[in-house]
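Beneath this line is the structure, given in structure tokens, with notes to follow.
In this text the structure is predicted, and so the values were computed from the model without any measurement. FYI, side chains are in, hydrogens and waters are out, and symmetry mates aren't considered; it's all heavy atoms of this structure.
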Amino acid sequence: MKTMDIEALRQDTPGTANRIHLNNAGAGLLSRQTLKAVTSHLELEAAIGGYEAADQERDRIDAAYGHIARLVGGQADEIALFDNSTHAWNAAFYSMTFKPGDRILTGRAEYGSSVLAYLQTAQRTGAEVVVVPNDESGQLDTTALANLIDDRTRLVGIAHVPTSGGLVNPAAEIGRVTRAAGVPFLLDATQSVGQFPVDVAELGCDMLTATGRKFLRGPRGTGFLWVRPEALAYLEPHVAEIAAATWDGRRGFTWHDGARRFETWEVCYANVLGLSAAVQQALDLGMDEIGRRTLALGACLRDRLDAVPGITTYDLGRQRCAIVTCTVDDMATAAVATALAGHGVNVSITDPVQTQFDTEDRGVHPLVRLSPHYYNTEAEIDRAVEVLAERARAIQDSSSASSRTRRR
């Protein structure tokens, strides 16, 4: 088993010099090699022209497909590149056809944009959106899922890890259920790819989408779709364009082979090369090793916060990851985030409109969301907890003083 040189990794990550970055579920910090991959291509475009730079770097651009495929356990021709994960997800979802009475099964952890797409499709087509309940741990109940699937079920769409907490849904078990039923399975792996190992064969999904900017530490403006070859038989890309199809010389066209039929012609190649560099770094470090360290840091942070009076954590599920959500009693969530920022700690806040079904179920949002990654240190975890504990103690002391004053 490889051992990470954390200090060397931090030296290679400029952002660690001036911030405690616990917002990797928002956007991870770029490494120097990823930054160089982006900027060097932009410099090449400036020097010789955009088309000419793409031609010169064609082999490296094409190699990105193979690197991403290796990351998720697929093949290069099963990968399509996008400018974000939402566009990748939309390309998959809107390639399916629905009619009145069809059912879309999803979970309470589903991301807000996906929920809106389900609702729009239901309004347009007469399909039905069915939310699968959680089990007692807060993860999707796979027994309930199996019981809900019937001959009207057209799709099961699930978020592997929600944007709103540390839950890891049982994707492999969901895959076993959908395969047995012969129902397509669309997995949103936006928060899981790059955080811990993700293998499409083990998960049993038919389509998988992810972003480059989060735990993969790639540039913003990158995302990808993986498609199982057999799924191409029932997926009709929503948009036909010259990167996706070939004119037949008359009044028809044929789709390109593989997943690239979902792409569009115009691409930011600087970002593609940056994503490729970030993926290569993850592969070189080893996703098993990345997962061990990242999940351990998340568990450490959650345990430390749980031990502080006045702080409550909200992460669900039997398996949890490096996303940790919490509140400080009697302190607005935005004020907590601002206090952390004042001490150089980057976090984010969950938004009720980005997690509609979970908001309906629990009503706990907004929450403070902290998300360490492998390049974070235990000392940084300690500092973040210390800041939050100080705030919680100050509120409790103020409350106690106010109570004493009232008794006098």
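Listed for the Q354 side chain is no donor-acceptor partner under 3.5 Å among the backbone atoms of G112. Checked by atom type and distance alone, the side chain of T125 pairs as donor or acceptor with a backbone atom of A127 at under 3.5 Å. Not one N or O on the side chain of S114 forms a donor-acceptor pair closer than 3.5 Å with the backbone of E110. Formation of a donor-acceptor pair under 3.5 Å by the R108 side chain with backbone atoms of F357 is found in this model. When atom types are taken as modelled, the side chain of R304 and the backbone of V385 share no donor-acceptor pair closer than 3.5 angstrom. Formation of a donor-acceptor pair under 3.5 Å by the R217 side chain with backbone atoms of K214 is not found in this model. A donor-acceptor pair under 3.5 Å is absent between the side-chain atoms of Q139 and the main chain of L316, judged by distance alone. Side chain of E241 to main chain of W265: a donor-acceptor pair is present (N/O by atom type, distance under 3.5 Å, no hydrogens or angles). Formation of a donor-acceptor pair under 3.5 Å by the W247 side chain with backbone atoms of R250 is found in this model. Between the side chain of T294 and the backbone N or O of I290 there is at least one donor-acceptor pair closer than 3.5 Å.
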Please lay out, stage by stage, how H238 and S95 fare under the test side chain to side chain donor-acceptor pair (under 3.5 Å). CA-CA 5 Å; H238 189 61; S95 293; over 6 Å; no
Criterion ring-ring contact (aromatic ring centres under 6.0 Å, His included) on Y118 and F93, from CA distance to verdict: CA-CA 9 Å; Y118 296 145; F93 175 70; 5.4 Å; yes
Run the numbers on Q33 and D12 for side-chain contact (heavy atoms from CB on, under 4.5 Å), then give the verdict. CA-CA 8 Å; Q33 53 261 49; D12 186 54; 2.5 Å; yes
Applying side chain to side chain donor-acceptor pair (under 3.5 Å) to S31 and Q281, what does each step give before you reach the verdict? CA-CA 9 Å; S31 68; Q281 183 175 32; 3.2 Å; yes
L208 and F224: CA distance, side-chain angles, deciding distance, side-chain contact (heavy atoms from CB on, under 4.5 Å) verdict: CA-CA 8 Å; L208 176 145; F224 66 88; 4.1 Å; yes
Would you check, one step at a time, whether the test side chain to side chain donor-acceptor pair (under 3.5 Å) holds for S371 with N24? CA-CA 5 Å; S371 47; N24 294 282; 5.0 Å; no
Could you walk me through whether Q120 and Y94 satisfy the side chain to side chain donor-acceptor pair (under 3.5 Å) test, starting with their C-alpha distance in whole Å, then the side-chain angles of each, then the deciding distance to 0.1 Å, before giving a yes or no? CA-CA 11 Å; Q120 180 193 47; Y94 285 106; 2.5 Å; yes
Apply side-chain contact (heavy atoms from CB on, under 4.5 Å) to residues L216 and L71 and explain how you reach the verdict. CA-CA 10 Å; L216 269 178; L71 180 74; 3.7 Å; yes
Verify side-chain contact (heavy atoms from CB on, under 4.5 Å) between T190 and Y111, making sure each step is shown before the conclusion. CA-CA 10 Å; T190 300; Y111 182 58; over 6 Å; no
Test salt bridge (charged side-chain N to carboxylate O under 4.0 Å, His left out) on D62 and R58; report intermediate values, then the result. CA-CA 6 Å; D62 289 342; R58 178 52 55 188; 3.5 Å; yes
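Enclosure of atom CD in Q75 is not indicated, since only 12 or fewer non-hydrogen atoms of other residues, nucleotides or ligands lie within 6.0 angstrom. Within a 6.0 Å radius of CG in D257, no more than 12 heavy atoms belonging to other residues, nucleotides or ligands are found. Other residues, nucleotides and ligands place no more than 12 heavy atoms under 6.0 Å from the CZ atom of R391.
Of all non-hydrogen atoms in A210 and A189, the two that sit nearest each other are CB-O, 4.0 Å. Looking at every heavy atom in both residues, T16 comes nearest to R10 through OG1-O, 3.1 Å. When all heavy atoms of A144 and P133 are compared, the closest pair comes out as CB-CG, 3.8 Å. Minimum heavy-atom separation, I6 to N376: CG2-O, 4.5 Å.
The residues R19 and E380 are annotated as not salt-bridged, no charged nitrogen and carboxylate oxygen being separated by less than 4.0 angstrom. Ionic pairing of D135 and R318 is present here: one or more N-O contacts between side-chain nitrogen and carboxylate oxygen are shorter than 4.0 angstrom. Taking the charged nitrogens against the carboxylate oxygens, R228 and D206 do have a contact shorter than 4.0 Å, which makes a salt bridge. Ion pair R293/E378 flagged as a salt bridge, since at least one NZ, NE, NH1 or NH2 atom sits closer than 4.0 Å to an Asp/Glu carboxylate oxygen. Between D102 and K99 a salt bridge is recorded (basic side-chain N to carboxylate O distance below 4.0 Å).
Taken from CD in Q11 to CG in L9, the straight-line distance is 10.5 Å, to the nearest 0.5 Å. Expressed to the nearest 0.5 Å, how far CG of L145 lies from CG of L140 amounts to 6.0 Å. In this structure, S40 OG and E57 CD are separated by 7.0 Å, a value rounded to the nearest 0.5 Å. In this structure, CG in L155 is found 13.0 Å from CZ in R103, a value given to the nearest 0.5 Å. The line from CG of L297 to SG of C321 is 12.5 Å long, rounded to the nearest 0.5 Å. A distance of 9.5 Å separates CZ of R383 from CG of L340, quoted to the nearest 0.5 Å.
Residues M331 and V336 are in side-chain contact: their nearest non-hydrogen atoms beyond the backbone lie under 4.5 Å apart. Counting heavy atoms from C-beta outward, N346 and L22 have side chains that stay 4.5 Å or more apart. The side-chain heavy atoms of F98 and R124, taken from C-beta on, include no pair separated by under 4.5 Å. A 4.5 Å side-chain heavy-atom check between F185 and I174 finds at least one atom pair inside the cut-off. Using a 4.5 Å heavy-atom threshold, the side chains of L186 and V156 count as separate. For the pair N134/D141, no side-chain contact is recorded, criterion being any heavy-atom separation below 4.5 Å from C-beta on. Looking at L273 and R60, their side chains come closer than 4.5 Å, going by heavy atoms from C-beta outward. Two residues are said to be in side-chain contact when any heavy atoms from C-beta on lie closer than 4.5 Å; R154 and P184 meet this criterion.
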Under 3.5 Å, sequence neighbours excluded: what are the donor-acceptor pairs made by side chains of residues 360-368?
{"unit_1": "R362", "atom_1": "NE", "unit_2": "D358", "atom_2": "OD1", "d": "3.0"}
{"unit_1": "R362", "atom_1": "NE", "unit_2": "D358", "atom_2": "OD2", "d": "3.4"}
{"unit_1": "R362", "atom_1": "NH1", "unit_2": "Y314", "atom_2": "O", "d": "2.8"}
{"unit_1": "R362", "atom_1": "NH2", "unit_2": "D358", "atom_2": "OD2", "d": "2.9"}
{"unit_1": "H365", "atom_1": "ND1", "unit_2": "T350", "atom_2": "OG1", "d": "2.8"}
{"unit_1": "H365", "atom_1": "NE2", "unit_2": "D358", "atom_2": "OD2", "d": "2.6"}

Indicate every side-chain donor-acceptor pair of residues 157-164 with a distance under 3.5 Å to a residue at least two apart or in another chain.
{"unit_1": "H160", "atom_1": "ND1", "unit_2": "S192", "atom_2": "OG", "d": "3.0"}
{"unit_1": "T163", "atom_1": "OG1", "unit_2": "R369", "atom_2": "NH1", "d": "3.0"}
{"unit_1": "S164", "atom_1": "OG", "unit_2": "T355", "atom_2": "OG1", "d": "3.4"}

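For the residue pair T222 / N271, no side-chain donor-acceptor distance below 3.5 Å is found, with atom types taken as modelled. Between the side chains of T325 and D315, at least one donor N or O lies within less than 3.5 Å of an accepting N or O.
A cation-pi arrangement is absent between R292 and Y374, since the terminal nitrogen or guanidinium carbon is not both under 6.0 Å from the aromatic centre and inside a 45° cone about the axis. Both tests hold for R260 against Y65: distance to the six-membered ring centre under 6.0 Å, angle to the ring axis within 45°.
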